[in-house]
Amino acid sequence: MESVAETRTIDLKVNGKAYSRPVPVRMMLSDFLRHELKLTGTHVGCEHGVCGACTILFDGRSARSCLMLAVQANGHEITTVEGLASGAEMHPLQTALSEHHGLQCGFCTPGMLTTLVELLNDNPSPTAEDVRIAISGNLCRCTGYEGIVAATLEAAGRMRASAGERS
Amino acid sequence: MPMLNMRFVLPDHVVDLNRVAELTGIRRAGETIEIGAMTRQRDLEFSQDIADACPLMSEALTHVGHRQTRNRGTIGGSLCHLDPAAELVCVAAALDAVVEVIGPNGRREIPFAEFPAGYMSPAIDYTEIVSRLTFPVWPRETGHAFVEFSRRHGDFAIVSAAAMLLLDGAGRITRAVLALGGVAATPLRMRDVEAALIGQVASIELIGKVAEMCRDVEAVGDVYVPASYRQHLACVMSRRALETALSRAGKSAAAAH
């Protein structure tokens, strides 16, 4: 059982904060975030890449944290749902999701948010169809997705408006 | 990783190839495209070189998993996993791609037709890795189509079909390719259908007739989908792929004149 105990020290940034931790080489990134860093906002559903609950941003790109080993994050930057708000101010997408009944039990929400933040970064003016394709890899069993799509379109509008004000 | 998570594979060692920069990249060399094994599905999806030289692959990529998995998934990973229903595997079969592998004895090239040794088993040794996929570029006026039937968007296909048709000035088919994914244990090239198309004047009637030749294809059945349904889908998806390919054939050439 020697290999089970084998560890490597990884250096990574999570939500802007630098960490250096020894991790078992067989530990999944999702378990590392939850059990080692205590960032339990990243949810773990199917553990084989289908449900989307564990989606994080890996160097700015959405990825399944259950499909990566923690050691693969060495030298990389991760954003989890905990990193989306600025202090007490929620991300526009979080605000819109709450207003549009875009979540009920909240299990899928962290994966929805990280996926949709990437979408809005890539495409500030998505159509409803773009949003549906983007979240096709995120399962929600409560809301029927309608609220999530509506919230994303509204958040996109608000983000465009505030970007317009700044420029 | 899902294979590890579900304990389908129990490797003694796992080597991460993500940092081997030489294994990544898309290069057009004349009438050939070379893709490094660690090139991400996402980068292929948004590559202008791929869109220009192989729109069949661009179209197939939109069916590969989801945004979050394409961001990490690689073409070499798809090929080595060799799920018979995987889109990129079907495309590689359609393109007559050549797979380059590297091992202790150097490099060797495997024509894709010889790459699947069996169900989900590439014909490479345990000491080898896939390093590159190479395939010829078809003329711009080629009509292409990738279609698939799956229960949900992003699922592996129950049956997928990749088709390419090249016509001469008289509308006669000079080159034809039809590959089916998901039907059997490995991707299939429907050579008898291709032979029945070549030399004929292209028409919807012809396509409807040759697509029926897929009715007797040897298909696998499982708890979700009986073999007879896969045979039915093989006909339907072949017809749709060939019809779409025909509707697109020659348009680039016409636009250029």
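Here the structure is a predicted model, which means the values were calculated and not measured. Sequence lines set the chain letters: A, B, ... in the order given, protein chains first and strands last, and positions in each chain run from 1.
Within a 6.0 Å sphere centred on CZ of B/Arg240, other residues, nucleotides and ligands contribute 12 heavy atoms or fewer.
With rounding to the nearest 0.5 angstrom, the CE atom of B/Met6 is 11.0 Å from the CD atom of A/Glu47. Note: B/Arg67 CZ to A/Arg61 CZ = 7.0 Å, rounded to the nearest 0.5 Å. To the nearest 0.5 Å, atom OG1 of residue A/Thr115 and atom CG of residue B/Asn71 are 9.5 Å apart. Distance CG/A/Leu69 to CE/B/Met1: 4.0 Å, rounded to 0.5 Å. For the atom pair CD of B/Gln68 and CD1 of A/Ile135, the computed distance is 10.0 Å after rounding to the nearest 0.5 Å. Taking OG1 from A/Thr55 and NE2 from B/His66, the interatomic distance works out to 10.0 Å, rounded to the nearest 0.5 Å.
For chain A, the nearby part of B/Arg19 is the side chain; its heavy atoms alone come within less than 4.5 Å. Residue B/Arg152 does not touch chain A at all, counting heavy-atom pairs closer than 4.5 Å. Heavy-atom distances place both the backbone and the side chain of A/Met68 under 4.5 Å from chain B.
Side-chain atoms of B/Asn5 come within 3.5 Å of backbone N or O of A/Cys66 as a donor-acceptor pair.
Per-residue heavy-atom pair counts under 4.5 Å with chain B were compared for A/Ile133, A/Thr114, A/Asn74, and the maximum is reached by A/Asn74.
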List the steps, then state whether side-chain contact (heavy atoms from CB on, under 4.5 Å) holds for B/Arg72 with A/Leu67.
CA-CA 9 Å; B/Arg72 298 289 305 168; A/Leu67 294 186; over 6 Å; no
